[in-house]
Every structure is written in structure tokens, then in C-alpha cells.
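Since we're looking at a predicted model, the values are computed, not measured. Note: hydrogens, waters and symmetry copies are ignored here, and every other heavy atom, side chains too, is used.
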Amino acid sequence: PVFFMEKTRKSSIVSRANSIGSTSASSVPNTDDEDSDYHQEPYKESYKDRRRRAHTQAEQKRRDAIKKGYDDLQAIVPTCEQQDFSIGSQKLSKAIVLQKTIDYIQFLHKEKKKQEEEVSTLRKDVMALKIMKVNYEQIVKAHQDNPNEGKDQVSDEVKFNVFQGIMDSLFQSFNASISVTSFQELSACVFGWIEEHCKPQMLRDIVIGVLHQLKNQVY
């Protein structure tokens, strides 16, 4: 009986210990999950740090590119190198650099347009000179083919005297009729003078009078 009682007591103690152990185990958090979180947390922080570092590097690279762009503009644009007495020896701000760059680009556009107009004018002059050259070559060739032709032609001096006589006659009436008080009045007087003094019959009479006068002087 004593042995049986001792065995029964031990079994009861073991049973209560197991019961207490299971209860305590159920109230304790899962240590495996803690270990897992413990190992993952440094990885998450390291990933964030890498993203932050990459973003910082990209931002610094962008700022360096912008700074280099402004430095290049100051080196290229002549007006940025000139002394600006309004700001003294201070470094040019980005706004001033941009404004000076815009002004310089507008200046270049105007110069380009001006040069294009000059080139167009020169091309027209070259074309006119080529036409004159061809005409003179034809005249010279015709003269060489017929050396006796044109001996009785009117000289350039006589032609100029005819032109001068016509213009002198017209200028007398023009000077007497035109007023230069204002541009509006000048325009009105010019049209009035043309209607009154430049009629075909009047011009014909002027030309005939000049020719008669020159004919008497020549002969």
C-alpha cells in the first residue's frame, strides 16, 4: 500500500507539472516568430537606407548637372562675363544668368536676320551684275562684228543733258508745288503735283522743248 500511494502521488505531481507547463507555454509568445522578426528588421532598414542613399545620390547628380549647365552658360554667353556694376563683384544668380542668356539669344536672332537680309541683297546685286555683264558682252560682240555701226549715235553726254533738262523742268514745278510741313501734307502735295504737272501732254511738251534747245546747241 505504501508503494502504491507513492506511485499515485508521483503521477499526480507529473500530471500537474505537465498541466502547468502547457498553460505557461500557451501564454508565452512564439519565440520563433520573434527570431524571424529579429532577422528581417535589419534587412528592411538596410533596404530603406539603400533607397535613401540612391535618392540622395540621384538628387546630388541632378544638382551637379544643373550647376554645370549654369557654369557653361556663363562661360558661353559674353554678357555674363562682363562686369555688372549694379551687383558689384557678387556671383551672378541663376535668374540673372537665364535673363542674360535670353537677351543674348534674342540678339543673335536679330543679327542672323540682319545677315540673311544682307546676303539676300548681295545675291540680288550679283544677279544684276551678271545680267549687266551679259548685256555688255553682247554689245561689245555686236560692235566687233560691225565696227562702223553706231558712229552717228548720240553720245552719253547728250543723253544726260536731255535727262537733266527734263528733270530741271519738272523740279521747278515740283519745288513750287510741294510743301514739307508734315509727311501727310507732303504725300497729298506729291499726288496733286503728279495729277497737275505730269500729264502725258505736259511731259511731251517738256521733252520736245528740251530736245529743241539741245538741237540748237549742237548745231
Side-chain angles (χ1 to χ4, degrees), residues 1-135 182-184 186-187:
V2 175
F3 177 77
F4 179 76
M5 291 177 63
E6 183 67 20
K7 186 175 181 180
T8 302
R9 187 177 65 82
K10 289 181 179 181
S11 298
S12 177
I13 292 173
V14 171
S15 177
R16 286 191 301 168
N18 290 333
S19 176
I20 293 172
S22 62
T23 303
S24 300
S26 64
S27 63
V28 175
N30 191 347
T31 56
D32 292 340
D33 293 339
E34 284 184 353
D35 292 338
S36 177
D37 292 339
Y38 176 80
H39 289 294
Q40 291 178 1
E41 186 65 25
Y43 173 77
K44 290 181 180 179
E45 290 181 357
S46 177
Y47 175 71
K48 291 180 181 179
D49 290 341
R50 287 198 299 270
R51 286 191 60 186
R52 187 180 299 109
R53 184 169 59 255
H55 176 73
T56 301
Q57 292 175 352
E59 179 66 18
Q60 185 62 42
K61 187 176 181 180
R62 184 183 69 86
R63 292 181 179 180
D64 292 340
I66 294 174
K67 182 178 182 300
K68 184 179 182 302
Y70 279 102
D71 292 340
D72 292 342
L73 285 178
Q74 291 190 55
I76 294 173
V77 179
T79 53
C80 290
E81 298 179 354
Q82 297 176 357
Q83 181 68 25
D84 194 340
F85 296 100
S86 62
I87 62 175
S89 60
Q90 298 179 0
K91 184 179 179 180
L92 294 179
S93 66
K94 294 180 179 179
I96 294 178
V97 172
L98 288 178
Q99 186 60 51
K100 286 181 175 292
T101 303
I102 292 172
D103 294 340
Y104 185 62
I105 292 175
Q106 291 176 346
F107 167 76
L108 291 179
H109 277 301
K110 291 180 180 179
E111 287 296 311
K112 181 175 179 291
K113 184 177 180 181
K114 182 179 178 182
Q115 291 178 358
E116 288 176 349
E117 292 175 353
E118 292 178 352
V119 170
S120 178
T121 302
L122 291 174
R123 285 177 178 172
K124 293 178 180 179
D125 293 341
V126 170
M127 183 61 66
L129 290 173
K130 287 182 178 180
I131 294 173
M132 293 173 62
K133 177 177 178 289
V134 172
N135 291 333
S182 64
F183 182 77
Q184 183 177 2
L186 172 64
S187 302

Taking the side chain as C-beta and beyond, is there a heavy-atom pair between R50 and Y47 under 4.5 Å?
yes
Which value, rounded to the nearest 0.5 Å, describes the distance between I105 atom CD1 and K100 atom NZ?
14.0 Å
Residues forming a side chain to side chain contact (heavy atoms under 4.5 Å, CB included) with I76, sequence neighbours excluded:
none
When rounded to the nearest 0.5 angstrom, what is the spacing between NZ in K112 and CD in Q115?
9.0 Å
State, yes or no, whether a side-chain contact exists between Q106 and I102 at a heavy-atom distance under 4.5 Å.
yes
Tell me, please, which residues at least two apart from K133 pass salt bridge (Lys or Arg N to Asp or Glu O under 4.0 Å).
E137
If you count every heavy atom of other residues, nucleotides or ligands that lies below 6.0 Å from E111 atom CD, does the total exceed 12?
yes
Would you please name every residue forming a side chain to side chain contact (heavy atoms under 4.5 Å, CB included) with L108, sequence neighbours left out?
Y104
Just to verify, what does K94 make a side-chain hydrogen bond (donor to acceptor under 3.5 Å, both in side chains) with, not counting sequence neighbours?
none
Looking only at heavy atoms, what is the nearest atom pair of C80 and L92, with distance?
O-CD1, 3.4 Å
Restricting to salt bridge (Lys or Arg N to Asp or Glu O under 4.0 Å), what partner residues turn up for R53, sequence neighbours left out?
none
Can you give the donor-acceptor pairs under 3.5 Å from side chains of residues 56-73 to other protein atoms, not counting sequence neighbours?
unit_1, atom_1, unit_2, atom_2, d
T56, OG1, R52, O, 2.8
E59, OE1, R62, NE, 3.4
E59, OE2, R62, NH2, 2.6
E59, OE2, R63, NE, 3.2
Q60, NE2, D64, OD1, 3.0
K67, NZ, D71, OD2, 3.1
K68, NZ, D72, OD2, 3.0

